[in-house]
There are 2 protein chains.
Amino acid sequence: MEMTPRKEKILAAVVESYIRTGEPVGSKTLMGELDFQVSSATIRNEMADLVEMGYLEQPHTSAGRVPTTLGYRYYIDKLMNKLEVNKDESESIAKSVSSGRGDPEQLLEKAGEVIARLTNCAAITTLPTGEQACVRRAEFVPVSNRTAMIVLLTSAGTLKSKACRGDMPITQQTVERFYAVCAAHFIGKPLEEIGTVMLQTLVASLGEFALEMSPYFVALADLAGEALKSDVLLEGQANLFNHRELSGSVADIMELLRKGEPVSKLLSGGEKDGLNVKIGTENEYKQLSNSSVIVSRYNVNGARSGALGIIGPTRLNYAKLIPYMQFISGVVGKILSETLETLED
Amino acid sequence: MEMTPRKEKILAAVVESYIRTGEPVGSKTLMGELDFQVSSATIRNEMADLVEMGYLEQPHTSAGRVPTTLGYRYYIDKLMNKLEVNKDESESIAKSVSSGRGDPEQLLEKAGEVIARLTNCAAITTLPTGEQACVRRAEFVPVSNRTAMIVLLTSAGTLKSKACRGDMPITQQTVERFYAVCAAHFIGKPLEEIGTVMLQTLVASLGEFALEMSPYFVALADLAGEALKSDVLLEGQANLFNHRELSGSVADIMELLRKGEPVSKLLSGGEKDGLNVKIGTENEYKQLSNSSVIVSRYNVNGARSGALGIIGPTRLNYAKLIPYMQFISGVVGKILSETLETLED
DNA sequence: TTTAGCACTCGTTAGCTATGAGTGCTAACT
DNA sequence: AGTTAGCACTCATAGCTAACGAGTGCTAAA
């Protein structure tokens, strides 16, 4: 059985109608939605073929047809006409998102909000990953006799700080030693290389100052660790309730999202144009077998760095939402790149 | 109609049985759960009275009785025997919570997790409010030619930082001016008083340096604003799904929680022992009319400062959970007080 | 005041039927 | 050979009825 142009048109019409209404679509309904005239019987024959080919299925014998994962896949890869984001909208989106400009976390949170509102789905975003990032700067700010704030700035623009209590009073020498060790061992070093091993050899080499200084470097290493793990932000989870076909699995999905770790994995795959669409059972988590995930990565200064995603029912309006996601990830990437340049200068 | 000891025993038994099973309780069931022997008919008569008095109700004519809001209230205020938190448990709780020691946000997040796990409810926590807090310290850390990090430490121990780009190159004078102005206008000042008005007069008084310096003070004021608003943390929202009687309203409750603002209000009322229990329709949000809220405030250095709360179905195990919440808020308060002392020193 | 007895209420469940949307198949048509 | 009209068939859904049973309120006796 091979695909014909007419079958393709029928498949596309079924997918689009089902996405629109959520109801299985029957042959008569379809008659009115095709740009050529054939009888319902003909459509029925074609649809039976499409079922056999694996693109459609019937919830039960006497119901209309619903796209399968394979059907959506074929539609998205070969049939779909992406809807351009119109100008008014793109401007208003860009404006909303850029109101979070400044702090990466705030920006991604804002982007997540915008996406959630726009798509009526749950939004997931990851902060710019610091994998290739290194320590740009470290600061030691004495706060009291024995307490200091340690501040870390990475080359990716991430800013982390932490209060840290030492075991001995802080003197001018303490500060000087801190900066000296930083300059020698931390500045310019990739975050990945700052681990317990590196820390131990460092502390060992401090000799008589180990006791005095080590708490601060432990704190600094902690900060590096925090900066390294690309945090996951969630927005609009409640939107999942709006989709009836998900009603049974909302709890499971939320539970999955809650433990952020696997989520970043969710966002990490996929290549073409930094876009990744996973439909229903294509997802590796079975909690998502009734859901689709659209992920678009964003680039900061040309390097892939984080991603924006949505989770919704399989019957997403792909033609509209994929361009949205691409547009927004573009905006986010641009803003982050600009922010970074500001730091360089 | 007046309350009698026997009616009280019956009411308590109904409440406890309903909390345990979730099923309306009938007169025969009750016979086996009372510490005195009377026939089901007698119990029926008494229960009919309790219905008339407003403490019980029937879902429908031929069903057992269920406590009303009033019934729960009477039970909690007069009948309930609080269950002590046993020692093993209290130790393990204290240990889990204190693993978040250090950063207030982390601590409250941890406490929320513990509460959510322990109670199988959604947990809400607020960070220590900074209402009476003032600026303890401000730091200016040059990062690049035109960018600096502004770091704010409050007397409540909150640490906030922000990257900030000025319009002119940063020189040694810039730094000196920053600290001079801070010492004169910010250090020791209550956060509440740092607003746009204060900022405007300040900028005006900067004279020729206004252009150079104002971005940094704007950032500092921003940080003060952030430190002031007592953030709300949510944990274990997914637990709401575990309670069948909430199934219809989970989405509404989550939506309510999402917009953190009214939630802090939720936590703010109530007095006795810093404890506040709101049952069903006692809640001012109608989304919560099927839910109960238990809130316990914590004190930092003797002053009330934030709160921990849970949201669950009305049939909560109050006798167990109220002591839990009081215990945990005590632990949190103690840890925060200790942390603060560390900073003083 | 308590209790046994009994008629009554009403939610729940199971079984039955009618309905209708939608199908597959066959035979006639182009 | 592809297309179409016609028709019997399938099956989820809604509505109806009857049986069931948990639990009640009330009455009359203890």
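The analysis underlying the following values was restricted to heavy atoms, covering all of them including side chains, and did not include hydrogens, waters or symmetry mates. All chains are named by letter (A, B, ...) in the order of the sequence lines, taking the proteins before the strands, and each is independently numbered beginning at 1.
Checking side-chain atoms of B/T42 against main-chain N and O of B/V38 turns up no donor-acceptor pair under 3.5 Å.
Residue-environment remark: CD (B/E84) stays at or below the threshold of 12 foreign heavy atoms within 6.0 Å. In A/N86, the CG atom is crowded: over 12 heavy atoms of neighbouring residues, nucleotides or ligands sit closer than 6.0 Å.
In this structure, B/V66 and B/P59 have side chains that are in contact, with non-hydrogen atoms separated by less than 4.5 Å. A 4.5 Å side-chain heavy-atom check between B/E89 and B/F327 finds every atom pair outside the cut-off.
For the pair B/M47 CE and C/dT3 P, the interatomic distance rounds to 14 Å; values are reported in whole Å. The distance between atom CZ of A/R65 and atom C1' of D/dT10, rounded to the nearest whole Å, is 13 Å. Summarising the geometry, the separation between CD1 on A/I43 and P on D/dT4 is reported as 9 Å, rounded to the nearest angstrom. Following rounding to the nearest Å, B/E57 (CD) and D/dT24 (C1') show an atom-to-atom distance of 16 Å. Between A/F36 atom CZ and D/dT4 atom C1' there is a gap of 15 Å when expressed in whole angstrom units. If you measure from atom CD of A/Q58 to atom P of D/dT10, you get 14 Å, rounded to the nearest angstrom. The CD1-P distance, from A/I10 to D/dG2, rounds to 14 Å in whole Å. Put simply, CG on B/L50 is 16 Å from C1' on D/dG25, counting in whole angstrom units.
At the heavy-atom level, B/S27 lies under 4.0 Å from the strands shown only through sugar-phosphate atoms. Using a 4.0 Å heavy-atom criterion, one finds that A/T42 contacts the bases of the nucleic acid, with or without backbone contacts as well.
Side-chain proximity of B/H60 to the nucleotides C/dG11, D/dG23, C/dG24 is greatest for C/dG11. The side chain of B/T61 approaches C/dT9 more closely than any other nucleotide in the set D/dT4, C/dT3, C/dT9. The B/S62 side chain lies nearest to D/dG21 when the options are D/dA5, D/dG21, D/dC26.
The residue among A/R44 and B/R6 whose nearest nucleotide of DNA chain C is located toward the 5' end is B/R6.
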